[in-house]
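The figures here come from the full heavy-atom set of this structure, side chains too, leaving out hydrogens, waters and symmetry mates. The chains referred to below are lettered A, B, ... by the order of the sequence lines, with proteins before strands, and numbering in each begins at 1.
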There are 2 protein chains.
Amino acid sequence: MIDIRQMRYFVALAETLHFGRAAERLHISQPPLSRQIAALEKELGVRLFERHSRRATLTHAGRRFLEDARAVLISFDQACRNARLAERGELGELSIGFMMHAAYTVLPGLARRYMANHPGVRVELREVVPATLTDAVLAGQFDAAIMFNPGPIRGLETHTIYRERLCLAVHASHPLADHAVIRAKQLAGEPLIAVPTDVAPKLREAIVAYCRSGGFEPTFRLEVALQQTIVNLVAENLGIALVPQSMGQLGIANLVHRKLEKAPTIEHVVAWRPSNLNPALQPFLAEARAVAL
Amino acid sequence: MIDIRQMRYFVALAETLHFGRAAERLHISQPPLSRQIAALEKELGVRLFERHSRRATLTHAGRRFLEDARAVLISFDQACRNARLAERGELGELSIGFMMHAAYTVLPGLARRYMANHPGVRVELREVVPATLTDAVLAGQFDAAIMFNPGPIRGLETHTIYRERLCLAVHASHPLADHAVIRAKQLAGEPLIAVPTDVAPKLREAIVAYCRSGGFEPTFRLEVALQQTIVNLVAENLGIALVPQSMGQLGIANLVHRKLEKAPTIEHVVAWRPSNLNPALQPFLAEARAVAL
DNA sequence: GATCATGATACCGAAAAGGTATGGATAGGG
DNA sequence: CCCTATCCATACCTTTTCGGTATCATGATC
């Protein structure tokens, strides 16, 4: 059967047109080369070289075979290299799920950095509602996800990469806007705008817990799924909201942000299955840890 | 060294995920397959399969390698097939030179037929002035050429594929247009339009010889290189011309064609170097001979 | 016509491939 | 819970193939 070695021999000979020199280049002696070329021609059933007494020349079929053989050798070597790269996580695919808040904090820097250092990995970033992320990771839908810290979950590891305070978002004309720092009890009775529990349970819990620490039960006037919408509604003076500080970057007219006393913090973690064998995952986690510093 | 056999083994195993069945498909027993796969993994330095007790599964690197290996095997087999096709003249390049007259006679049918039967051959058709064709073929510039019969030439073989009479082209109002058949001596004194000697010597010779057979020396009023132009000038009543019958197909207003008594004939031949080793040439010549029938 | 260069052939030892027999691990059934 | 069937790995042997050395045949060159 024809094999890749005979192709390499053929290309060497086709490029030198001299059995002796080609053999030298291949680090073998001349007779084996003669035999391998003869065997190749016999197995192909095609005469590849015209043997003249002083030099060899390619036949037309040989010229054609040279073109093809070069391409085969290149793709062959590439395949071997790619396998090694894939095992080291430098080539492959990596799917990352994230909640919207990450798009305003760690995600852009992390994604840019990872892609720059691992250009061979096709990264798929997909935003989903935070509540579905843990299940999606456990189901293998994502290799990793960036979410609020869900606490310990069997089969899931997490690493905190970002931690931020919640702050108060209110309309500029709202009485609370006059205070530099707001205490929890001052929020009593204020109509709150927040995401529904099923969208971001951890964020919601933090808000509820903070209100209770002020001695009252929060009243949610509006529940909307998009964080962007929440702050817009606050800017329309339809209520107040507790939002991660990073939302303050949006720069919305008539909207101000105020510090909270003993502000609750919320953690962004990267979460993954330890049993996930995608080699591209570990380098990604390493980048995530580096970003967390 | 990794070779193509190991790649075939790998693909078979990757597709069955079962050493026993893959070995069966490869017509070998299971232990050699196990060893070859192990050797492949060792040489690559990459673990390609996870061995479970009940079945094997591909690693991420293995999946990547499978994609690449399939492509390599396909191009490898294709290279071998292409070499065989190239030797049989079914794949490659063929350059054909022709004089313009051929474009009105045999060339379209021959080219269409050859390309239909040999779709793998890239055909280059190039029109040049007839006088340069023999030298171009001898110089290896064309694999074959279609030209007027140049007579025997060293290092050139020819085969007649078309033979046609010359006829008279005159303006519809010309006195000669009243005769159905013209004799050579009737042309005496008429101003002739023809191609210059250096463009189509054979055609020019035939015209001169015919005039002399009528007992007079021809007088060429106009010499133009393009046959198309000649008939247009005749249609403008600037002279008469002797042209191959096939030119009558052009259908030009005010132009009529008349038979010549003892009309000279002119042969179209295909010409080639017998020493030309392009495998695509012989099938082309075979088609040319078939067209000549 | 002698010589040199070049590729083919003959023969041998080494390496590698495949085959058979068998061992070890594990999932599934009784 | 043990037994068995399945499946892959290993050991060992035989055959094939590969590369090396020596030598031959051929044709170009002086």
With a 4.0 Å limit, can you tell me whether [X] has a side-chain N or O closer than that to the phosphate oxygens OP1/OP2 of [N]?
| X | N | result |
| --- | --- | --- |
| A:Q30 | D:dT21 | no |
| B:S29 | C:dG18 | no |
| A:Q36 | D:dT17 | no |
| A:S34 | C:dA8 | yes |
| B:R5 | C:dA17 | yes |
| A:H52 | D:dG27 | no |
| A:R35 | C:dT9 | no |

Atom pair distance, as rounded to whole Å: [atom1] in [X] and [atom2] in [N]:
| X | N | atom1 | atom2 | result |
| --- | --- | --- | --- | --- |
| B:R54 | D:dA5 | CZ | P | 11 Å |
| B:E50 | D:dA9 | CD | P | 13 Å |
| B:F19 | C:dG24 | CZ | P | 19 Å |
| A:H27 | D:dG20 | NE2 | P | 11 Å |
| A:E24 | C:dG7 | CD | P | 13 Å |
| B:R47 | D:dA9 | CZ | C1' | 12 Å |
| A:Y9 | C:dA8 | OH | C1' | 17 Å |
| B:I2 | C:dA17 | CD1 | P | 12 Å |

Legend entry - B:L107, B:V129, B:V128, B:L133 screened by side-chain contact (heavy atoms from CB on, under 4.5 Å) with B:M99, the one that passes: B:L133

Legend entry - Option from B:R8, B:R70, B:R21 for which salt bridge (Lys or Arg N to Asp or Glu O under 4.0 Å) with B:E15 holds: B:R70

Inset, instruction - Could you walk me through whether B:F148 and B:H101 pass the ring-ring contact (aromatic ring centres under 6.0 Å, His included) test, one step at a time? - result: CA-CA 9 Å; B:F148 293 132; B:H101 301 84; 4.9 Å; yes

Inset, instruction - Using the closest heavy atom to pick a nucleotide of DNA chain D for each, name whichever of B:R51 or A:Q6 lands nearer the 5' end. - result: B:R51

Inset, instruction - Would you confirm whether A:N278, through its side chain, and A:E93, through its main-chain N or O, come within 3.5 Å as a donor-acceptor pair? - result: yes

Legend entry - Under 3.5 Å donor-acceptor, A:R84 side chain and B:L44 backbone: yes

Legend entry - Nearest listed nucleotide, side chain of B:H18, among D:dG19, C:dT9, D:dC7: D:dC7

Inset, instruction - Describe the nucleic acid contact of B:F49 in one word from base, sugar-phosphate, nothing, applying a heavy-atom distance below 4.0 Å. - result: nothing

